**Student:** 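Before we start, here is the structure in question, set down as structure tokens.
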2 protein chains.
Amino acid sequence: MYEDLNRERLLLAVDCIVFGFDGDFLKVLLIKRGFEPERGKWSLVGGFLQTDEVLEDAAARILNQYTGLDDIYMDQVATFSKIDRDPEDRIVSTAYYALIDINQHSQKLSKQFSAQWFNIEDFPPLIFDHGEMVTAALKRLRTKAQTEPIGFELLPEKFTMRQLQTLYEAIWNVTLDKRNFSSKIRSFNFLRKLDEKDKSTSRKGAFLFRFDADLYDQHDRSRTTLNL
Amino acid sequence: MYEDLNRERLLLAVDCIVFGFDGDFLKVLLIKRGFEPERGKWSLVGGFLQTDEVLEDAAARILNQYTGLDDIYMDQVATFSKIDRDPEDRIVSTAYYALIDINQHSQKLSKQFSAQWFNIEDFPPLIFDHGEMVTAALKRLRTKAQTEPIGFELLPEKFTMRQLQTLYEAIWNVTLDKRNFSSKIRSFNFLRKLDEKDKSTSRKGAFLFRFDADLYDQHDRSRTTLNL
DNA sequence: CCAAAAGTGTTACTGCTACACCCATGT
DNA sequence: ACATGGGTGTAGCAGTAACACTTTTGG
């Protein structure tokens, strides 16, 4: 290797694209920055990688700071390095997305950080390159949801077939046929149908399901795409 | 945001997984390290991000240093941050993979850096977390090759149907039926069949094809997977 | 004339898409 | 009794997988 004389020590940030689902729309959590630079503008939640941390831990720590949640599904998206992405310093940032059950997100924390949920198709201009990060994260989520059962991370533990369908419709911005959706999903054999019904949306009530990781592990993984 | 008191300036490295195809196998380029730490062990080619560079430029610069090639397809894989991944310093590294035509790779440079091509299914132990990087890069290549016509980056400009098939067989470690492969590929309408034949592998000679980016751009992208 | 690779088409099957009616229940 | 959402099956279609023989030509 040649000597890298210009090698530079820099700050490595972690920014989190927090996705949630409110029953109708796929949402992203943004905060109104309470500090400079760009105070008062919308931004992703983020922070800096610390000495004793790996990126995944930093992402989890930051997510916890802003949502109070632990043990959340997160996935690395990419690392962004434009020279002037932060005007004050050379900061490279690794983006992670998180999938949370929007109802577990503490209202209190939301107030504390002036956080708000925005529809993924319609969020305000963001500072720096955070808009690109959201776009990249969404793309990754869409792809990932095609091969792995991660949709459940966005729902309560128990959910109806209808909720699940609406979720996937929101993720891919499509409309699906409920008969095809339901038979396809059931053919994967990773849902356990419960005896309970959710009566909040109809008089008849809809059966609740639960994602069952054991069933998923047994299940033959030869069909690689969910192609709902 | 809380004050990040432990925020740390660190070195950001870039490591490149250079893929090549020798006509039979998918290969990865490794160098025998000529410097400490871990002198004499096998390693990916890498370097440090410099002050005036974005990651993509650093990756291209490093690739050029070791192969002499310019204007090469590269794609970010992920950023690796284990605390002691480099025993001497806290170094975080972003991995990129590159797809090159193995025959354009200068033998001279190969000698200079004690570089060698290894079959992707059978490469030696690597320093640090470079083995994980190769695994992650291969996984990404396999996925990407399913939705984008990147295989051509690994072949000479003109290639036979047979070469293309062998390439995809090597990427996915499968065997394909040549009739199905050829009709599927031709149905995508992004190959231009030339009048020339390659007579090096048979008396009859095999027609040469060329990937045509214009045809690809016109072509309806509704079929998102190549599913060869 | 023979060996070796190139080139090509058909059939069965599987999975996807499209589509409509009855059910259960609270008011 | 009716309005509302829940739940289910089938038939046509499209794309995939499996499969074998003829062509070309250098030696």
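In the text below, chain A, chain B and the rest are named by the order of the sequence lines, each starting its count at 1. Everything numeric in this text was worked out from a predicted model, so none of it was measured. Values below: all heavy atoms of this structure, side chains included; hydrogens, waters and symmetry mates excluded.
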**Student:** Could you pick out which residue, G205(B) or R162(A), lies toward the 5' side of DNA chain D when each is mapped onto its nearest nucleotide?
**Tutor:** R162(A)
**Student:** Please report the distance, rounded to the nearest Å, between CD1 in I185(B) and C1' in dG15(D).
**Tutor:** 16 Å
**Student:** Whole angstroms only, please: what is the CZ-P distance between F207(A) and dT25(C)?
**Tutor:** 9 Å
**Student:** Figure out the CG/P separation between L164(A) and dG6(D), and round it to whole Å.
**Tutor:** 13 Å
**Student:** Does D177(B) or K204(A) map to a spot on DNA chain C nearer the 5' end, using the closest nucleotide for each?
**Tutor:** D177(B)
**Student:** Look at the side chain of R203(A) and decide which nucleotide, out of dT25(D), dT27(C), dC19(D), has an atom nearest to it.
**Tutor:** dT27(C)
**Student:** Can you tell me the distance, in whole Å, between the CZ atom of F181(A) and the C1' atom of dA18(C)?
**Tutor:** 17 Å
**Student:** Roughly how many Å is it from CG in D198(B) to C1' in dT24(D), rounded to a whole number?
**Tutor:** 15 Å
**Student:** What is the distance, to the nearest angstrom, from the CG atom on L208(A) to the P atom on dG5(D)?
**Tutor:** 17 Å
**Student:** Between F123(A) and F118(A), does the ring centroid distance fall short of 6.0 Å?
**Tutor:** no
**Student:** Can you figure out which of dG9(C), dA5(C), dG6(D) approaches the side chain of A206(A) most closely?
**Tutor:** dG6(D)
**Student:** Taking the minimum atom-to-atom distance to the side chain of N180(B), which one of dA17(D), dG7(D), dT25(D) wins?
**Tutor:** dA17(D)
**Student:** Looking only at side-chain atoms of T201(B), point me to the closest of dT25(D), dA5(C), dT25(C).
**Tutor:** dA5(C)
**Student:** In this structure, how many angstroms lie between the P atom of dG7(C) and the CD atom of Q165(B), rounded?
**Tutor:** 12 Å
**Student:** Can you measure R179(B) atom CZ to dT11(C) atom C1' for me and round it to whole angstrom units?
**Tutor:** 12 Å
**Student:** Could you tell me whether the phosphate oxygens of dT16(D), OP1 or OP2, come under 4.0 Å of any side-chain nitrogen or oxygen in K184(B)?
**Tutor:** yes
**Student:** Assess, by modelled atom type and distance only, whether the side chains of T160(A) and D198(A) contain a donor and an acceptor separated by less than 3.5 Å.
**Tutor:** no
**Student:** Indicate whether OP1 or OP2 belonging to dG26(D) is found under 4.0 Å from a side-chain N or O atom of K199(B).
**Tutor:** yes
**Student:** Verify the ring-centre separation between F152(B) and F159(B): is it less than 6.0 angstrom?
**Tutor:** yes
**Student:** Looking at the rings of H105(B) and W117(B), which for Trp means the six-membered one, are their centres under 6.0 Å apart?
**Tutor:** yes
**Student:** Assess the residue pair Y97(B) and Q76(B) against the criterion (side-chain hydrogen bond (donor to acceptor under 3.5 Å, both in side chains)); give the C-alpha distance rounded to whole Å, side-chain angles, the decisive distance to 0.1 Å, and a yes or no.
**Tutor:** CA-CA 7 Å; Y97(B) 71 85; Q76(B) 193 184 115; over 6 Å; no
